[in-house]
Protein chains: 2
Amino acid sequence: MLELAILGLLKEQELHGYELKKRLSEMLGPFSSVSFGSLYPCLARLEAAGAVKAVEAHGDPGPAIPSTGALTGELAAFRARSRAVRGSRGKKVYGITERGEALFEELLLAESQSGDDDRAFNLKLAFARYLPSEARLGLLERRRAHLVERLAKARGAMRARRERLDAYSQSLLDHGTETTERDISWLDGLIELEKQEAPE
Amino acid sequence: MLELAILGLLKEQELHGYELKKRLSEMLGPFSSVSFGSLYPCLARLEAAGAVKAVEAHGDPGPAIPSTGALTGELAAFRARSRAVRGSRGKKVYGITERGEALFEELLLAESQSGDDDRAFNLKLAFARYLPSEARLGLLERRRAHLVERLAKARGAMRARRERLDAYSQSLLDHGTETTERDISWLDGLIELEKQEAPE
DNA sequence: GTCTCGATATATCGGACCGATACATCGAGG
DNA sequence: CCTCGATGTATCGGTCCGATATATCGAGAC
């Protein structure tokens with residue numbers, strides 16, 4: 001799912017990894033932030049897949065690299081190759097390719113059958129402006145259905161086992177249930193808005 | 001953190017993997033449930049570390065295994081070895097050891113500097129009855145401080161960048177903020193209760 | 001009686017993501 | 001000049017996950 005986030009941000013603007021992480025954190029809140037240990041490998045994957053591409057670092061091209069001591073010809077050549085694509089502070093600025101745009105669409109539309117459902121939904125909603133209205137509505141309603149199911153299962157479990165749980169676990173479960181209810185109300189608000197804006 | 005959950009459940013009762021998963025799901029709600037792909041390797045780790053131990057499967061010892069066709073001596077010997085520790089349906093029932101009890105205490109007290117903070121807190125709260133009152137209060141107040149900090153950071157980011165975000169992202173962030181506020185209120189309730197029960 | 005189906009049960013595999021860590025450069029301030 | 005903190009890229013080991021394979025058991029169909 002990180003792919004989706006990166007591609008979505010690069011759609012608007014060319015960025016390097018570090019900046020990408022900052023944008024991501026402010027987009028999804030300081031919770032659920034992304035680590036470099038995921039980000040850089042993911043960028044490498046996307047580059048290998050031809051979905052993003054390191055672009056010429058615009059702005060100041062940086063000083064000549066102060067070659068520290070004697071460099072073998074090999075290393076000097078490598079640095080020369082890097083220089084074309086790295087900015088002043090060794091930045092590698094990435095841009096999205098056409099393949100990347102296509103991949104973005106695909107990921108955004110995909111029924112997230114896999115995994116991390118909360119994270120995936122939040123991410124998709126953050127890029128919902130790229131979806132046609134009916135797909136947006138579908139996303140919201142699928143999410144709502146999911147939460148309603150969750151809630152039903154939680155209530156069932158509570159009815160069956162309440163007496164076996166101590167006060168802390170009960171409070172935890174109650175709070176979780178309440179949070180899910182509020183999530184559903186919030187979704188209802190968004191769905192309402194969505195329908196108003198596309199009535200027919 | 002899965003270790004903590006497993007040890008906590010085995011503290012109360014000897015269980016096998018499948019049952020462990022069910023208990024875990026009902027303890028933490030149907031969200032944030034644990035997969036077998038984590039559970040079994042984790043049980044193996046704990047067994048290797050001497051924190052849990054496969055115990056004699058009580059109840060019916062199961063029928064003689066209907067050895068399907070010809071078995072090599074190797075395989076027959078292996079099955080014989082397993083038989084001692086597996087119940088009727090091939091169940092492997094685990095119990096906690098003294099090392100496991102010690103590990104549980106350690107994990108429960110540990111300042112969860114690492115990782116998955118939400119999950120870790122929920123888990124610890126679910127086992128809070130094993131903590132002395134002041135440690136419980138510490139857990140709650142550390143969590144509260146964490147959320148307050150989160151909230152401050154989120155608000156700061158919002159003030160700075162609100163105009164750059166579309167309506168969907170804004171709604172997402174607002175909802176997240178509100179949820180965090182409610183989490184804090186909930187914690188305040190728990191802290192209040194805790195203080196009433198141990199006033200001096 | 002036997003056949004099939006769903007629940008019970010254990011286990012492994014590849015992959016995503018994380019925290020820790022290492023390393024280098026830059027700018028501000030002492 | 002020098003150190004310190006922010007910027008910046010990258011890798012490593014490990015945890016957890018979903019998918020999948022495999023096998024047994026009990027209930028109900030027929």
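Below, chain A is the first sequence line, B the second, and so on; all start at residue 1. FYI, side chains are in, hydrogens and waters are out, and symmetry mates aren't considered; it's all heavy atoms of this structure.
Closest approach to the B:Tyr18 side chain among C:dG19, C:dT10, D:dT9 is made by C:dT10 (side chain taken as heavy atoms from C-beta onward). Closest contact between the side chain of A:Arg45 and the listed nucleotides C:dA16, D:dA10, D:dC16 involves C:dA16. Side chain of B:Arg119, nearest nucleotide from D:dC16, D:dA10, D:dT11: D:dC16. The side chain of B:Val34 has D:dC17 as its nearest neighbour among D:dT9, D:dC17, C:dA11. When each of C:dT10, C:dC17, D:dG8 is scored by its nearest atom to the side-chain atoms of B:His16, the top-ranked nucleotide is C:dT10. With C:dA11, C:dC18, C:dA9 as the candidates, the nucleotide lying closest to the side chain of B:Tyr94 is C:dA11. Between D:dC17, D:dA6, C:dT8, one nucleotide has an atom nearer to the side chain of B:Ser38 than all others, and that is D:dC17.
B:Lys91 has no side-chain polar atom (N or O) that falls below the 4.0 Å cut-off from OP1 or OP2 of D:dC25.
Taking for each of B:Lys22 and B:Pro41 the nucleotide of DNA chain C with the nearest heavy atom, the 5'-most of the two is the partner of B:Lys22.
Contact annotation for B:Ser32: no contact, since no heavy-atom pair falls under 4.0 Å across all strands. Across all strands shown, B:Gly17 has heavy atoms under 4.0 Å from sugar-phosphate atoms exclusively, and none from any base.
Rounded to whole angstrom, the span from the CG atom of B:Leu43 across to the P atom of C:dT10 amounts to 9 Å. Separating the OH atom of B:Tyr40 from the P atom of D:dT20 is a distance of 18 Å, rounded to the nearest angstrom. The CG-P distance, from A:Leu46 to C:dA16, rounds to 11 Å in whole Å. To the nearest angstrom, P of C:dT12 lies 14 Å from CZ of B:Phe36. Rounding to whole angstrom units, CE of residue A:Met1 and C1' of C:dC18 are separated by 17 Å. Put simply, CG on B:Leu20 is 13 Å from C1' on C:dT10, counting in whole angstrom units. B:Leu2 places its CG atom 18 Å from the P atom of C:dC18, with the value rounded to the nearest Å. As rounded to whole Å, 12 Å separates atom P of D:dT9 from atom CD of A:Glu47.
Counting only residues at least two apart or on different chains, the side chain to side chain donor-acceptor pair (under 3.5 Å) pairs with a member in residues 167-178 of chain A are A:Arg162-A:Gln170, A:Arg162-A:Asp174, A:Tyr168-B:Arg136, A:Tyr168-B:Glu194, A:Ser171-B:Trp186, A:His175-B:Asp183, A:Glu178-B:Arg182.
When the shell of 6.0 Å around CD of B:Glu12 is examined, it contains more than 12 heavy atoms from other residues, nucleotides or ligands. Residue B:Arg99 places its CZ atom among 12 or fewer non-hydrogen atoms of other residues, nucleotides or ligands, all under 6.0 Å distant. For A:Glu105, the CD atom sits in a packed shell: over 12 heavy atoms of surrounding residues, nucleotides or ligands are nearer than 6.0 Å.
Contact check on B:Lys22 versus B:Glu19 returns a salt bridge, with a Lys/Arg side-chain nitrogen under 4.0 Å from an Asp/Glu carboxylate oxygen.
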